[in-house]
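Data block below; observations after.
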Amino acid sequence: MVTKQFTGSPDEADLRRADSLAREIFSDIANKWALLIIEALGERTLRFGELRDGIGGISHKMLTQNLRMLERNGLVERTVHPVVPPRVEYTLTEPGRVLRVTIDGLCDWTHRFLGDIEASRRRFEA
């Protein structure tokens with residue numbers, strides 16, 4: 001599917017349309033790895049290995065793919081330092097830092113209702 005180019009005002013960005021750029025962006029950032037990468041970066045600049053070590057269970061391939069996607073969407077800045085071996089660092093851009101505030105809210109919500117969700121799952125599976 002080809003994504004429709006965004007030509008209107010931000011108010012016209014419709015997440016429900018299959019060809020919407022807004023929906024594509026939402027789909028990109030609403031995955032567990034992207035959320036965890038943004039949360040892990042926070043206000044810091046981290047190297048690839050530091051990010052990988054800080055996010056349990058993420059593979060080298062998934063981290064690479066998600067960092068590229070976040071960079072493409074302007075949420076993460078990648079800096080390559082010309083040393084041997086090359087040192088590559090990642091940091092959130094201004095839009096990434098603003099998105100992190102929303103992600104922090106989602107993390108707070110998760111902590112607040114984790115017990116309720118766990119109890120609901122037990123009742124559902126019984």
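Reckoned from all heavy atoms, side chains included, excluding hydrogens, waters and symmetry mates. Here the structure is a predicted model, which is why all the values come from computation and not from measurement.
- Under a hydrophobic clustering in which Ile, Leu, Val, Met, Phe, Trp and Tyr are joined whenever their side-chain heavy atoms come within less than 4.5 Å, directly or via other members, Leu114 and Leu35 fall into different clusters.
- Contact check on Arg97 versus Glu77 returns no salt bridge, with no Lys/Arg side-chain nitrogen under 4.0 Å from an Asp/Glu carboxylate oxygen.
- Shown here for Pro86 and Val80, the closest heavy-atom pair between the two residues is CB-CG1, 4.5 Å.
- Arg72 and Asp28 make their closest contact through NH1-OD2, 4.2 Å (heavy atoms, listed as atom of the first residue, atom of the second, distance).
- Between Arg122 and Glu118 there is a salt bridge, since at least one side-chain N of the basic residue sits less than 4.0 Å from a carboxylate O of the acidic one.
- Side-chain atoms of Phe48 and Thr64, non-hydrogen and from C-beta on, do get closer than 4.5 Å to each other.
- Leu46 CG to Glu89 CD: the interatomic distance, rounded to the nearest 0.5 Å, is 8.5 Å.
- How far CG of Leu51 is from CG of Leu63: 5.5 Å, rounded to the nearest 0.5 Å.
- With a 6.0 Å radius and a threshold of 12 heavy atoms from other residues, nucleotides or ligands, Phe26 has its CZ atom at or below the threshold.
- Using a 4.0 Å cut-off between a side-chain N of Lys or Arg and a carboxylate O of Asp or Glu, Arg100 and Asp104 qualify as a salt bridge.
- Nearest approach of Leu70 to Ala34, heavy atoms of both residues: CD2-CB, 4.2 Å.
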| said: Go through it in stages, so that I can follow the logic: the residues are Arg78 and Val88, the test is side-chain contact (heavy atoms from CB on, under 4.5 Å), and I'd like the CA-CA distance, side-chain angles, deciding distance and then a yes or no. | reply: CA-CA 7 Å; Arg78 178 179 183 260; Val88 181; 3.7 Å; yes
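- Taken from CD1 in Ile58 to CG in Asp53, the straight-line distance is 11.5 Å, to the nearest 0.5 Å.
- Salt bridge status for Glu71 with Arg68: absent, with no side-chain N to carboxylate O gap under 4.0 Å.
- Hydrophobic cluster membership differs between Ile25 and Ile103, with clusters built from Ile, Leu, Val, Met, Phe, Trp and Tyr side chains linked at under 4.5 angstrom.
- For Glu50 (side chain) and Arg47 (main-chain N/O), a donor-acceptor pair under 3.5 Å exists by modelled atom type.
- The structure places OG1 of Thr91 at 8.0 Å from CD of Glu43, a figure rounded to the nearest 0.5 Å.
- Of all the heavy atoms in Val76 and Tyr90, the pair that sits closest is CG1-CD2, 3.8 Å.
- Rounding to the nearest 0.5 Å places CD1 of Ile37 at 10.5 Å from CG of Leu92.
- Distance check, rounded to the nearest 0.5 Å: CG of Asn73 to CG of Leu21 gives 8.0 Å.
- Within a 6.0 Å sphere centred on NE2 of His111, heavy atoms belonging to other residues, nucleotides or ligands number 12 at most.
- Scanning both residues, Pro95 and Gly74, for their nearest heavy atoms gives CG-O, 4.0 Å.
- One N or O on the side chain of Thr110 and one on the backbone of Leu106 form a donor-acceptor pair closer than 3.5 Å.
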| request: Starting from the C-alpha separation in whole Å, work towards a yes-or-no answer on side-chain contact (heavy atoms from CB on, under 4.5 Å) for Trp33 and Ile55. | output: CA-CA 9 Å; Trp33 298 124; Ile55 302 171; 3.8 Å; yes
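- Counting heavy atoms from C-beta outward, Cys107 and Glu39 have side chains that approach closer than 4.5 Å.
- Each of Asn66, Thr102, Leu99 was scored for a side-chain contact (heavy atoms from CB on, under 4.5 Å) with Ile29, with one residue passing: Leu99.
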